[in-house]
Asker: 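So that we are looking at the same thing, I have put the structure below in structure tokens.
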Amino acid sequence: MPELPEVEVVRRGLVTAVAGRTVSDVQVLHTRPVRRHPGGPEDFAQSLVGRTFAEPKRRGKYLWLPFADGDALLAHLGMSGQFRLDGQEQPLPPHCRVMFGFTDGGPQLRFADQRMFGGLAISPGGADAPAELAHIALDLLDPELDLSVLAARIRTRSSGIKRVLLNQEIVSGIGNIYADESLWLAKLHYDTPADRLSRAKVIELLQAAHQVMTAALAAGGTSFDSLYVNVNGSSGYFERSLNAYGREGLPCLRCGRPMVREPFMNRSSFRCPSCQRSPRRDAVRG
DNA sequence: ACTATATCCTGTATGC
DNA sequence: TGCATACAGGATATAG
């Protein structure tokens, strides 16, 4: 599942793949991935012809590919989205949804997406800061992020801390995997009310999230090739380096107690029942 | 404004 | 073998 580190790996791949290249033709093979483009699939394809890409940008899990004319191609990988750079003669990747050809006759840019939670749209005037992303908060790797301001904001919420971490309007880029990893590092239960955490604890948690995503990014550079992110979790990084996610029944790498999996927001949360205790439940159980 | 849940999607794994 | 169900989960619409 692409979260911030995986999306950044894709962004870096796209820099060399598209910057300076001019679109010659676009084919929309499935309309769903362009559902957020206001003009519809035909307009999407037509309006891109003749545009020249600049350097791709990212905020949280969103990508945007600016054009020299000031507009941008906005992209989200969702659960299973991939950008591929393939020669025209190469067979289409599975679940290929949109193809971009270039005037230089070089490799095509192909957007594949099995589950189609991802999508593409044109953002008018969005080269510097797409208006569509106004509600998306800065991510932890953004140099403009103010950790103090973020910590204070988090501590105003009564929701469980994991809900807050996953809320892209508060801090962006964190998904289910890195949320669990960060909470494990900070020894926090996912349902701890955010407004019951000390400022120091919130800072510790955010630093843990920063650390785990930075490490993942470093590993991602080696275990993914330039334009392919394995969304099914079989990459080396996920197998080797996760401390919490997916470790149901396996010993906690700190204390040895078996890790547990619990339903959470239509997905799962993994935690150590000993290192990451619930204040709410402890209060009830006594 | 804040909080919580349902929904979209399809391939894989599992149970009967 | 076939059918049904659970699961993976990011973002958003909707309800409270």
Side-chain angles (χ1 to χ4, degrees), chain A residues 1-11 28-38 58-64 74-83 92-98 111-121 123 130-140 152-183 190-196 209 213 216 229-235 238-239 242 244-249 260-271 280:
Chain A
M1 286 38 83
E3 301 180 30
L4 186 154
E6 292 74 37
V7 178
E8 176 61 14
V9 170
V10 172
R11 187 197 71 81
V28 176
L29 306 178
H30 197 300
T31 59
R32 181 155 180 83
V34 296
R35 66 195 177 282
R36 305 235 167 247
H37 181 73
R58 181 191 56 77
R59 172 183 285 187
K61 304 168 198 169
Y62 272 98
L63 289 168
W64 72 96
L74 194 60
H76 197 292
L77 302 178
M79 290 277 297
S80 52
Q82 301 173 0
F83 277 110
L92 294 186
H95 316 294
C96 185
R97 310 305 188 188
V98 182
F111 181 74
D113 190 0
Q114 178 200 103
R115 281 172 250 190
M116 294 189 290
F117 278 30
L120 306 173
S123 172
E132 295 84 351
L133 303 192
H135 66 296
I136 300 296
L138 299 182
D139 61 63
L140 290 174
R153 176 130 188 257
I154 288 174
R155 299 216 301 137
T156 66
R157 298 298 182 119
S158 62
S159 295
I161 184 61
K162 185 169 173 181
R163 284 182 184 277
V164 179
L165 278 184
L166 293 175
N167 186 340
Q168 307 296 303
E169 301 189 22
I170 294 178
V171 56
S172 69
I174 302 174
N176 200 42
I177 295 171
Y178 294 112
D180 278 6
E181 292 302 304
S182 308
L183 290 165
Y190 60 84
D191 205 26
T192 311
D195 58 8
R196 219 188 280 183
M213 290 197 292
V229 171
N230 186 335
V231 295
N232 291 323
S234 59
S235 74
F238 290 106
E239 295 298 326
L242 294 183
Y245 184 84
R247 291 183 50 83
E248 180 182 18
V260 296
R261 175 166 71 103
E262 291 162 330
F264 174 81
M265 290 174 75
N266 280 340
R267 54 211 60 168
S268 293
S269 247
F270 297 88
R271 70 178 177 97
R280 294 194 212 221

Asker: Expressed as a whole number of angstroms, how long is the span from Arg163(A):CZ to dA6(B):P?
Answerer: 11 Å
Asker: Should the pair Arg11(A) and Phe83(A) be classed as cation-pi, given the thresholds of under 6.0 Å to the six-membered ring centre and 45° from the axis?
Answerer: no
Asker: Roughly, in whole Å, what's the span from CG in Asp180(A) to C1' in dG9(C)?
Answerer: 12 Å
Asker: Is the closest side-chain heavy-atom distance between Asp180(A) and Lys162(A) below 4.5 Å?
Answerer: yes
Asker: Examine dG11(B): is either OP1 or OP2 under 4.0 Å from a nitrogen or oxygen in the side chain of Ser80(A)? Give yes or no.
Answerer: no
Asker: Are OP1 or OP2 of dA4(B) and a side-chain N or O of Ser159(A) less than 4.0 angstrom apart?
Answerer: yes
Asker: Could you tell me the separation between the NZ atom of Lys162(A) and the C1' atom of dT3(B), rounded to a whole number of Å?
Answerer: 17 Å
Asker: Do Leu120(A) and Phe111(A) have side chains that get closer than 4.5 Å, going by heavy atoms?
Answerer: yes
Asker: Heavy atoms under 4.0 Å, any strand shown: does Asn266(A) hit a base, just sugar-phosphate, or nothing?
Answerer: base
Asker: Output the rounded distance in Å from CD (Glu248(A)) to P (dA13(B)).
Answerer: 17 Å
Asker: For Pro94(A) and Ala112(A), which heavy atoms make the closest approach, and how far apart are they?
Answerer: O-CB, 3.6 Å
Asker: Produce a footprint string for nucleotides 11-16 of chain C: one letter per nucleotide, 5' end first; B if the base is under 4.0 Å from any protein heavy atom, S if only the sugar-phosphate is, - if neither.
Answerer: BS----
Asker: Are the charged groups of Asp113(A) and Arg32(A) less than 4.0 angstrom apart, N to O?
Answerer: no
Asker: I need the CG-C1' distance between Asn176(A) and dA8(C), as an integer number of Å.
Answerer: 9 Å
Asker: Apply the side-chain contact (heavy atoms from CB on, under 4.5 Å) test between Ile174(A) and each candidate in Val164(A), Asn167(A), Leu4(A), Leu140(A); give the one that qualifies.
Answerer: Leu140(A)
Asker: How many whole angstroms separate atom CE of Met79(A) from atom C1' of dT12(B)?
Answerer: 12 Å
Asker: Regarding Tyr190(A) and Glu262(A), do their side chains bring together a donor and an acceptor under 3.5 Å, going by distance alone?
Answerer: yes
Asker: Send over the distance from Ile177(A) CD1 to dC7(C) P, rounded to a whole Å.
Answerer: 17 Å
Asker: Any idea which of dA8(C), dC2(B), dC9(B) is nearest the Arg157(A) side chain?
Answerer: dC2(B)
Asker: Once you round it to whole Å, what is the distance between P of dT3(B) and CE of Met265(A)?
Answerer: 12 Å
Asker: Among the nucleotides dC9(B), dG10(C), dA8(C), which one has an atom lying closest to any side-chain atom of Arg261(A)?
Answerer: dA8(C)
